[in-house]
Amino acid sequence: GHCISEQGFMEKEDKVYHTECYKRRFHPKCRICGDFIKPDGDGHIRFKENSFFKDKYCRHHQEDNIPKCTACTRHEEKACPFVHLDDGRHLCLSCIGSVVVDTQ
């Protein structure tokens, strides 16, 4: 066990959690940078989400010009870089094995 030195607690579904444990368990993490998605000034957590994969990411990444996989449209993650082809396409490691790279 860990020593709980903080006073704050959070409740979810009739269970009480230490604030840091609650964050690690329930707070959304950004698929792109790997950080917890920061709350806005009003305390609300707002994020973007890939409509197919349901990957959550920080809203500011939308303007960061982060490459998307040409095949599946997922954003490139810091922890798992894409393969960058000479023709300007980007492919994630999940798609690289099944996509046609060269038609000749």
Side-chain angles (χ1 to χ4, degrees):
H2 296 281
C3 178
I4 299 175
S5 59
E6 206 175 302
Q7 297 293 322
F9 293 92
M10 303 287 290
E11 188 175 338
K12 182 172 180 145
E13 298 172 357
D14 296 327
K15 292 183 181 178
V16 179
Y17 297 89
H18 173 254
T19 51
E20 194 57 36
C21 296
Y22 182 90
K23 182 177 181 177
R24 282 195 304 265
R25 188 164 186 172
F26 300 110
H27 196 98
K29 269 193 165 184
C30 176
R31 171 95 181 186
I32 296 170
C33 65
D35 295 335
F36 287 109
I37 297 174
K38 294 177 177 57
D40 288 341
D42 61 5
H44 289 92
I45 299 170
R46 294 181 177 87
F47 51 83
K48 292 298 208 176
E49 186 174 56
N50 179 301
S51 59
F52 183 76
F53 295 104
K54 304 299 182 199
D55 295 335
K56 295 170 181 59
Y57 57 94
C58 302
R59 292 186 307 162
H60 69 85
H61 291 312
Q62 188 135 1
E63 288 85 38
D64 288 349
N65 206 20
I66 293 171
K68 287 185 180 182
C69 177
T70 304
C72 72
T73 71
R74 276 189 162 158
H75 286 87
E76 185 173 35
E77 305 168 41
K78 283 184 181 179
C80 191
F82 286 180
V83 174
H84 298 270
L85 303 177
D86 293 337
D87 62 4
R89 292 181 293 161
H90 311 285
L91 295 170
C92 70
L93 298 182
S94 297
C95 292
I96 192 71
S98 61
V99 73
V100 176
V101 179
D102 190 357
T103 59
Q104 297 180 10

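The minimum heavy-atom distance linking E11 with D14 is given by the pair OE2-CA, 3.9 Å. Nearest heavy atoms, V16 versus F9: CG1-CB, 3.8 Å. The two residues H44 and R46 make their nearest non-hydrogen contact at CB-NH1, 3.4 Å. Nearest heavy-atom pair across F52 and N50 is N-OD1, 2.8 Å.
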Show, in sequence, the C-alpha distance, side-chain angles and deciding distance for L93 and C80, and conclude whether the side chain to side chain contact (heavy atoms under 4.5 Å, CB included) test is met. CA-CA 8 Å; L93 298 182; C80 191; 3.6 Å; yes
Go through the steps for K56 and I45 under the test side chain to side chain contact (heavy atoms under 4.5 Å, CB included), then give the verdict. CA-CA 11 Å; K56 295 170 181 59; I45 299 170; over 6 Å; no
ring-ring contact (aromatic ring centres under 6.0 Å, His included) assessment of H27 paired with F36: CA-CA 7 Å; H27 196 98; F36 287 109; 5.5 Å; yes
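The neighbour count for D86 CG, taken as heavy atoms of other residues, nucleotides or ligands under 6.0 Å away, does not exceed 12. By the neighbour-count criterion of 12 heavy atoms within 6.0 Å, atom NZ of K23 is densely surrounded, having more than that number from other residues, nucleotides or ligands.
Between the D40 side chain and the D42 main chain, no donor and acceptor come within less than 3.5 Å of each other.
The distance from the NE2 atom of H90 to the OG1 atom of T70 is 6.5 Å, given to the nearest 0.5 Å. One finds the CD1 atom of I37 at 12.0 Å from the NZ atom of K48 (value rounded to the nearest 0.5 Å). Atom SG of C33 and atom NE2 of H75 lie 12.0 Å apart (nearest 0.5 Å). To the nearest 0.5 Å, atoms SG (C69) and CZ (R74) are separated by 9.0 Å. We find the NZ-CZ distance between K29 and R24 to be 10.0 Å, quoted to the nearest 0.5 Å. Rounding to the nearest 0.5 Å places CG of D55 at 9.0 Å from OG1 of T73.
E76 pairs with exactly one of H61, K68, H84, R31 by the side-chain hydrogen bond (donor to acceptor under 3.5 Å, both in side chains) rule, that one being H84.
The aromatic rings of Y17 and F26 stand perpendicular to each other, their planes meeting at an angle above 60°, with 30° marking the opposite boundary.
Linking ILVMFWY side-chain heavy atoms closer than 4.5 Å, directly or via other members, places I66 and Y57 in a single hydrophobic cluster.
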